[in-house]
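Okay, structure first, notes after.
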Amino acid sequence: MNNKKNQSFTKLPAYQKLQDHYQRIKDLHMRRLFSIDPHRCDQFSLQHNDLLLDYSKNRITSNTIPLLCELARDANLEHWREAMFSGERINNTENRAVLHTALRNCSDQPLMVDGKDIMPEIRLVIDKMQVFSEKVRTGEWKGFTGKAVTDVINIGIGGSDLGPKMVYQALKPYHHQSLRLHFVSNVDGAHIEDILERLNPETTLFIVSSKTFTTQETLSNAHVARDWFMQVAQEDSAIRQHFVAVSTNTEAVKAFGIDIENMFEFWDWVGGRYSLWSAIGLSIVIAVGADNFNQLLLGANEMDEHFQTAPFEENMPVIMALLGVWYNNFFKTESHGIFPYDDYLRSLPMYLEQADMESNGKSVDREGRKVDYPTGPIVWGTSGINGQHAFYQLLHQGTKMIPADFIVSMLTHSNYQEQHNIMFSNAVAQTEALMRGRNIDETYTDIVSNTKKSSGVEKRIHHMVFEGNNPTNTLLIKKLSPRTLGSLLALYEHKIFVQGVIWNLNSFDQWGVELGKQLAKQVLSDIHQTESVTSHDASTNKLVNYYRETINDSSS
Ligand code: F6P
């Protein structure tokens, strides 16, 4: 058990130095920084394999990064990094190790948890996933009427859905030619119904993915799936060929009626939002095959090595994390945008919302003391190009500063190169506009040269000025492949980890999701009562009673 205690974030020696530094540079415009140092981009960019991070469009000087790195050292980042990779129980509220990195560990070295080498078990499950997936992919795995599988439905939610779904979309060019994958997460019956109505039970395979196998939404959907299937199959014995489970909870899987032979195991040291590398990635292996899944793991492992060995000043996840802390805690920004310029990465923002906010959305530190500083930002985003025609107005001319990551693929998988050129130019132009802005003189000149008129300009000009000085990171991916995707996702995982260390948080529990779950059970039972509900606050009572009356009226 790790006993090392961190000082509170605001008491770290480098914190005060950063406060002073902030006061000195907070009003500097990045335009000026670029004009003083035309080589700024060389100083503030990093390359790791096929990922290039350009962080020069940030409100930093050559003094900022050394001070931020000092902050990381003051927060004992080296110690915590080592503790995580070596399997110490750094998830102190659940008394668990945090070892998603072991799932992509390609070395032949043992990794001990509680006196046991966990690597052989990991390899066994990976082999089992690969053998099973190959059978499904080749058609050797047959349904109860002897037909091959055509459709695979992953039933899961949160980490048991977002990761596999996002990777499945991202790796579309690597998909099996004819197998179709579907992801059901929402307990709204419309979600599963919309998918099932198109499918044939004889050729459909269900993967019930749930770490705990107690999640209400997932189990409820799994029961709907089983009923739908049994209406046609009739015999319980047919379930074997159509339902598999991914879980840490063997007893609950058995209780649901899934054969343990069809269970793919993982372990409590894999957090839900860090689980796509584990058996939770089964749907990914089925979709893209074992070789591509191994490439995904390899890319992540390469980023793990980079994170463990590169000096902080040259360490991509550390730099991205520190920049986030710089804005969150000194500029007091509230949110962080994720804008992919690659349609295949369209679900990345949603995936990162869970990864980041479930990890660092905490208001007590590792020792349970209330923090007096902002922790995890609101992470949000969508496809950048669509965002340009929706909310970018606020980024450019609103009153809030929103640091953002622009994630751009350079080589496209599509056949439409000119479309890709348009997308790339938009991404880069946006970061330029956010940085430079357009001052009043430039605005005047632009209007006059575009309209050939100078009269009436004064009325509009202030609406057309851009202050600029909005920070962005640009992450260029050479080509979106399983390997580069693996590196990209591990990059964000470690960024989140570093921020958690600096804020002295346990980034690996998620107690904040429990209260709502507990109350939902109570409300569900209230809905079925015959009497009016009075046990909640007036608002909740009213909503529940109105709902009860409405559904009762509609069924009578
Ligand atoms: O409610 C939050 C959560 O526990 C997430 O952390 C997790 O990814 C998700 O629910 C799903 O949990 P499970 O895999 O146990 O069904």
Would you check if the distance from the ring center of His175 to the ring center of Tyr168 is below 6.0 Å?
yes
Margin query: Using ring centroids (six-membered ring only for Trp), state whether His100 and Trp267 fall under 6.0 Å.
Written below: no
Students often mix this up, so state it plainly: with edges at 30° and 60°, are the rings of [X] and [Y] parallel, tilted or perpendicular?
X	Y	answer
Tyr22	Trp326	perpendicular
Tyr15	Phe330	tilted
His494	Phe85	tilted
Phe497	Phe508	tilted
His413	Tyr174	perpendicular

| request: Go through Trp269 and Tyr274 one step at a time and tell me if the ring pair (Phe, Tyr, Trp, His ring centres under 6.0 Å) criterion holds. | output: CA-CA 10 Å; Trp269 41 259; Tyr274 299 92; over 10 Å; no
Using a strict 4.0 Å threshold on nitrogen-to-oxygen distance, state whether [X] and [Y] make a salt bridge.
X	Y	result
Arg273	Glu493	no
Glu432	Arg438	no
Lys17	Asp20	no
Arg104	Glu305	no

- Task: Please indicate whether Gln397 has more than 12 foreign heavy atoms, meaning atoms of other residues, nucleotides or ligands, lying under 6.0 Å from its CD.
- Result: yes
Would you indicate whether Glu467, at its atom CD, is surrounded by more than 12 heavy atoms from other residues, nucleotides or ligands within a distance under 6.0 Å?
-> no
*asked:* The test is ring pair (Phe, Tyr, Trp, His ring centres under 6.0 Å); show your working for Trp277 and Phe266 and say whether it passes.
replied: CA-CA 10 Å; Trp277 322 99; Phe266 66 115; over 10 Å; no
In terms of heavy-atom contacts, Ser210 and Ser247 come closest through O-OG, 2.8 Å
Item to check | Worked check of side-chain contact (heavy atoms from CB on, under 4.5 Å) between Leu488 and Leu345 | outcome: CA-CA 11 Å; Leu488 178 72; Leu345 289 177; 4.3 Å; yes
